[in-house]
Amino acid sequence: MTIPEWTRLENSAIIYPSCRTRKYAAMYRVSIVLDSEVSGELLDKALKTVITRFPSFRYTVKKGLFWWFLQKLENEPVLRNPDRLRSFDLKRNGGYMFRLSCEGPRIDLDVFHALTDGTGAMTFLLSVAAEYLRLSGVEEPGYGKWVLDPGSEPNAAEMEDSFDRFSGTKGALDKERNAWHVRGKVEKPGVLNSLGVSVSTEELAAKAAEMECTVTELLSALILLSLQELRSKDSGRRKSPHLRLELPVNLRPLFSSSTHRNFSSYIYLSLDVTNGEFSLEDAVREIKYQKRLYVQPGRLTRRIAANVSLEDNMAIRCIPLFIKRPIINLINHLKGDRYATYTLSNLGKIELPQAMSGHVRDIHFILGRTRRRSGSCACVSFAGNLNLNFSRKIAEDDLERVFVAKLRELGIRASVSVPAVPLKPSRGWDAVTRPVFRTKGLFPKFLFSI
C-alpha cells in the first residue's frame, strides 16, 4: 500500500484544529491496566512496531492556504512521561497527535480528536498492548476485531476518508433549541475533575432487559433524570426546559467502513420538562424511541451530507484559512455547546483474544475538558464491568452523586473512585522532539488545495 505524503482532513475533524488553543483542545484518553508493571523500554519498542500497521496515525495536522490538511511524518513516535489529560504542543511532540505513556501496570493513550475517534484510538491502544505482551514473553496474544497483527499489511480502506461517500448527497440540519446547562464554579484552565463509577454489566443488562431497552438507553435516561433533578434545584429565572444529551454514534457498522480515521456523528436525546418532570419509566420510553429513530442510516446521512456540503461549497472553500479559522472558532464557542446539556460516549463491549484477556485487568475511556458544558461521561465495558468515567470543568460533583444514587435505587451496585483511575499520573518532564517531513519542493500542492 502506498501511503500519500499529504491528504485532506476528514469532514468531522475540521472543527478540532480550528478551535484548538494553548488552553483548550478536543482531547480524550483510553487506558488499559495489565496484570504487572509495564516496562517503558518494551512499550516503546511495541509502539514503534505497531505504528507501521496504522499509517493514518503517522500524520500531523498542518495549515494550508484554504483548509487544514494532514502531512505524513518521517520521524518515529516516542514513549512519553505520564501527565494530566490536557492539550499538548504538537511540534514538541514530534508532530504526533497522540501521546503514549505508562505508569505502573497502566498504559495511557491521549489523543487529539483530529487524529481519530474513540474506536480508532482503542484499536490502536489494544494493538500496542498486545505487541507489548508478545515482547514480554507472553504467548502469542492472538488478534481480532480490536487487536490487529502488526505484521499484516495495512489496506487502503483503513486510510479512507469515509465521509467522502456523502459528497453530492442532499442533506439538511435539524433546527435545534438551546439546552439547559449545569452551573457551578469553573476551575482554572487545565484542571479536570473526575469521578469513576464501576458497575456490573450483568446487573445493568438485567435491569435494561426488564425495562425493555438497551444499556446505553438506560444510562442515557438515568443521566437525563439526574440533570432533571439538578435543574429543579436551579434558582435561575430563565432556565431552558430542554435537557439534552449528546450521544456520539460510530458510523462504521452502519455504513460498512473499516477506516481508522474519524468516522462518527452524533444524535441528541432530550427530555422537555415544560409540562412537568419525567418518571424513570416515562424517560426510558422517550429515550428508547428517540434513539432508535435518530440512529437510522437515512437520518444520519441527512445530517452528515449537510456538513459535507458546507465544506464542499466552492464559495466557502475559496475563503483563506486565516479568515475561516476565527469564524469557525467563534461559531463553535457561541453555538457549539449550546444545544446539549451533557455528553455520553459509550465505546461498548471490548472483547479480547483469550490469550491476551488473561493479562488485562481493566480498560478505561475518559473525555477531556469541555469548552462550555460542565462535563461529560465516557464508558467502556470489559470483563463483566462497565467503567463510567465522569469528567468536568466545574468544582461541584452534584450530577455524579445523584446518578450513583439513582443506580443504587435500582439495586445496581456501584463502586466509586475519585479521581477516575485513568487520571492518576505522577508528572515528569518530556524531551522535546521535532516533526520530520519528506520535502518535495518548496510549495507542496496541498498547501493550495481547496
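These numbers come from a predicted model, not from an experiment.
Residues Thr216 and Asn346 have side chains that bring a donor and an acceptor to within less than 3.5 angstrom of each other. Donor-acceptor pairing under 3.5 Å is recorded for the side chains of Ser162 and Glu160. Side-chain atoms of Arg373 and Thr343 form a donor-acceptor pair, as typed in the model, at a separation below 3.5 Å. Judged purely by distance below 3.5 Å, without hydrogens or angles, the side chains of Ser198 and Asn387 pair a donor atom with an acceptor atom. In this model, no donor atom of one side chain and acceptor atom of the other lie less than 3.5 Å apart for Asn262 and Thr116.
Side-chain contact between Ser265 and Arg303 is present, with heavy atoms from C-beta onward closer than 4.5 Å. Contact check for Leu115 versus Phe98: side-chain heavy atoms found under the 4.5 Å cut-off.
Lys45 and Glu131 are not joined by a salt bridge, as no carboxylate oxygen comes within less than 4.0 angstrom of a charged side-chain nitrogen. Using a cut-off of 4.0 Å between Lys/Arg side-chain N and Asp/Glu carboxylate O, Lys349 and Glu351 are scored as salt-bridged. Electrostatic pairing of Arg53 and Glu153 does not count as a salt bridge here, judged by no charged N lying under 4.0 Å from a carboxylate O. The pair Arg86-Asp83 counts as a salt bridge, with a side-chain nitrogen and a carboxylate oxygen less than 4.0 angstrom apart.
Judged by distance alone, the side chain of Asn250 and the main-chain N or O of Ser264 form no donor-acceptor pair under 3.5 Å. Between the Lys288 side chain and the Glu212 main chain, a donor and an acceptor come within less than 3.5 Å of each other. Side-chain atoms of Asn11 never come within 3.5 Å of backbone atoms of Ile14 as a donor-acceptor pair (strictly under, hydrogens ignored). No side-chain donor-acceptor contact under 3.5 Å links Asp44 to the backbone of Leu47. Proximity of a side-chain donor or acceptor of Asn389 to a complementary backbone N or O of Val197 within less than 3.5 Å is not detected. A donor-acceptor contact shorter than 3.5 Å is absent between the side chain of Lys393 and the backbone of Gly375. Asn75 places a side-chain N or O within donor-acceptor distance of the main-chain N or O of Val436, the cut-off being under 3.5 Å. Arg371 places no side-chain N or O within 3.5 Å of a backbone atom of Ala25 that could act as its donor or acceptor partner. Judged purely by atom type and a 3.5 angstrom limit, Arg252 uses its side chain to pair as donor or acceptor with the backbone of Thr259. For Tyr132 (side chain) and Ser127 (main-chain N/O), no donor-acceptor pair under 3.5 Å exists by modelled atom type.
In this structure, Arg106 CZ and Glu37 CD are separated by 12.0 Å, a value rounded to the nearest 0.5 Å. A distance of 9.5 Å separates OH in Tyr96 from OG1 in Thr60, rounded to the nearest 0.5 Å. One distance of note links CG of Leu245 with CG of Leu269; it measures 6.0 Å at 0.5 Å rounding. To the nearest 0.5 angstrom, Thr370 atom OG1 is 11.5 Å from Arg392 atom CZ. How far CZ of Arg8 is from CH2 of Trp67: 9.0 Å, rounded to the nearest 0.5 Å. The distance from atom OH of Tyr143 to atom CG of Leu126, rounded to the nearest 0.5 Å, is 13.0 Å.
Only one option out of Gln71, Glu74, Met97, Glu76 pairs with Arg58 in a side-chain contact (heavy atoms from CB on, under 4.5 Å); it is Glu76. The one candidate from Leu109, Val111, Val50 that meets the side-chain contact (heavy atoms from CB on, under 4.5 Å) condition with Leu125 is Leu109.
Taking each heavy atom of Phe88 and Asp110 in turn, the nearest pair found is CE2-O, 4.4 Å.
When ring centroids are compared, Tyr59 and Phe57 stay outside the 6.0 Å threshold.
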Side-chain donor-acceptor pairs under 3.5 Å in residues 199-206, sequence neighbours left out?
{"unit_1": "Ser200", "atom_1": "OG", "unit_2": "Glu202", "atom_2": "N", "d": "3.3"}
{"unit_1": "Ser200", "atom_1": "OG", "unit_2": "Glu203", "atom_2": "N", "d": "3.3"}
{"unit_1": "Thr201", "atom_1": "OG1", "unit_2": "Gly384", "atom_2": "O", "d": "3.0"}
{"unit_1": "Glu203", "atom_1": "OE1", "unit_2": "Arg413", "atom_2": "N", "d": "3.1"}
{"unit_1": "Glu203", "atom_1": "OE2", "unit_2": "Arg413", "atom_2": "NE", "d": "2.8"}
{"unit_1": "Glu203", "atom_1": "OE2", "unit_2": "Arg413", "atom_2": "NH2", "d": "2.4"}

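Sorted by first and then second residue, the salt bridge (Lys or Arg N to Asp or Glu O under 4.0 Å) pairs involving residues 375-386 (not counting sequence neighbours) form an empty list.
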Could you walk me through whether Leu192 and Arg84 pass the side-chain contact (heavy atoms from CB on, under 4.5 Å) test, one step at a time? CA-CA 8 Å; Leu192 182 66; Arg84 293 175 291 161; over 6 Å; no
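The cationic atom of Arg99 (NZ for Lys, CZ for Arg) does not lie both less than 6.0 Å from the six-membered ring centre of Phe112 and within 45° of the ring axis. For the pair Arg244 and Tyr268, the cation-pi criterion (under 6.0 Å, within 45° of the ring axis) is fulfilled.
Legend: residues meeting side chain to side chain donor-acceptor pair (under 3.5 Å) with His260, ordered by chain and number and at least two apart, are absent.
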